[in-house]
Amino acid sequence: MEENAPKIEFPCDYPIKAIGDNNVDLKSIVLDIVRPHAPDIDASRVVLNPSKNGTFVSVRFYINATGEPQLKAIHTDLIASEHIKMVL
């Protein structure tokens with residue numbers, strides 16, 4: 001039996017996590033990348049969490065997701081940044 005991925009009902013409050021370098025202002029970088037796709041992103045809901053040794057930082061944020069194309073565009077643009085190592 002094949003399992004199907006759960007369907008997302010849009011619009012919805014959607015969490016995204018990016019991991020990147022801790023030697024830059026990653027919060028500002030992420031906001032600059034995401035705002036063209038999700039102009040209503042709430043900067044107060046952006047949470048930073050440095051790695052144990054401080055080399056990397058994770059940035060967790062929520063957007064009002066409107067559809068798959070928006071999510072794919074955000075993922076593509078985040079990964080294209082030289083400071084972002086991974087997007088979850």
Side-chain angles (χ1 to χ4, degrees):
M1 181 163 84
E2 184 179 311
E3 290 190 37
N4 294 326
K7 298 284 184 191
I8 300 171
E9 294 198 24
F10 296 104
C12 66
D13 198 32
Y14 191 85
I16 300 175
K17 186 179 203 179
I19 300 170
D21 299 324
N22 195 19
N23 60 351
V24 295
D25 183 2
L26 202 60
K27 179 178 179 177
S28 292
I29 291 168
V30 166
L31 287 171
D32 288 345
I33 292 170
V34 173
R35 274 199 180 111
H37 305 288
D40 59 346
I41 186 171
D42 183 355
S44 70
R45 293 185 69 195
V46 177
V47 178
L48 300 173
N49 188 20
S51 65
K52 186 175 182 179
N53 64 7
T55 305
F56 300 102
V57 64
S58 69
V59 181
R60 186 174 31 123
F61 58 95
Y62 295 84
I63 63 162
N64 181 30
T66 57
E68 283 286 329
Q70 177 198 37
L71 295 177
K72 286 180 183 180
I74 290 171
H75 184 271
T76 299
D77 288 355
L78 285 170
I79 287 296
S81 170
E82 66 182 298
H83 301 291
I84 308 269
K85 306 303 179 197
M86 185 183 313
V87 179
L88 307 171

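As the structure is a prediction and not an experimental result, all values here were calculated from the model. The chain is numbered in sequence order, starting from 1.
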Quiz item: Is the count of non-hydrogen atoms from other residues, nucleotides or ligands lying under 6.0 Å from Lys85 atom NZ greater than 12?
Solution: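 Atom NZ in Lys85 is packed in, count exceeds 12.
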Transitively linked via ILVMFWY side-chain contacts under 4.5 Å: [X] with [Y]?
X	Y	answer
Ile63	Phe10	yes
Tyr62	Ile74	no
Phe61	Leu48	yes
Val47	Ile84	no
Val24	Val57	yes

Validation row: [X], [Y] side chains within 4.5 angstrom (heavy atoms):
X	Y	value
Ile33	Ser81	yes
Val46	Val30	no
Val34	Leu78	yes

Quiz item: Are any of the side-chain nitrogens in Lys27 or Asp32 under 4.0 Å away from the carboxylate oxygens of its partner?
Solution: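 So Lys27 does not pair with Asp32 through a salt bridge.
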Quiz item: Which of these, Asp21, Asn23, Leu26, Asn49, sits in a side-chain contact (heavy atoms from CB on, under 4.5 Å) with Phe56?
Solution: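 For Phe56, the side-chain contact (heavy atoms from CB on, under 4.5 Å) check succeeds only for Asp21.
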Identify the two heavy atoms, one from [X] and one from [Y], that lie closest to each other, and give their separation to 0.1 Å.
X	Y	value
Ala65	Leu71	CB-CD2, 3.9 Å
Gly54	Asn22	O-ND2, 2.9 Å
His37	Gln70	O-NE2, 2.9 Å
Asp13	Pro15	O-CD, 3.9 Å

Practice problem: Could you tell me the separation between the CG atom of Asp42 and the CG atom of Asn64, rounded to the nearest 0.5 Å? | Solution: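 Answer rounded to 0.5 Å: 11.5 Å.
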Quiz item: Once you round to the nearest 0.5 Å, how far does OG of Ser58 lie from CG of Leu88?
Solution: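 CG of Leu88 is found 9.0 Å from OG of Ser58.
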Exercise. Just do the side chain to side chain contact (heavy atoms under 4.5 Å, CB included) check on Arg60 and Ile16 with the steps written out, would you?
Key: CA-CA 6 Å; Arg60 186 174 31 123; Ile16 300 175; over 6 Å; no
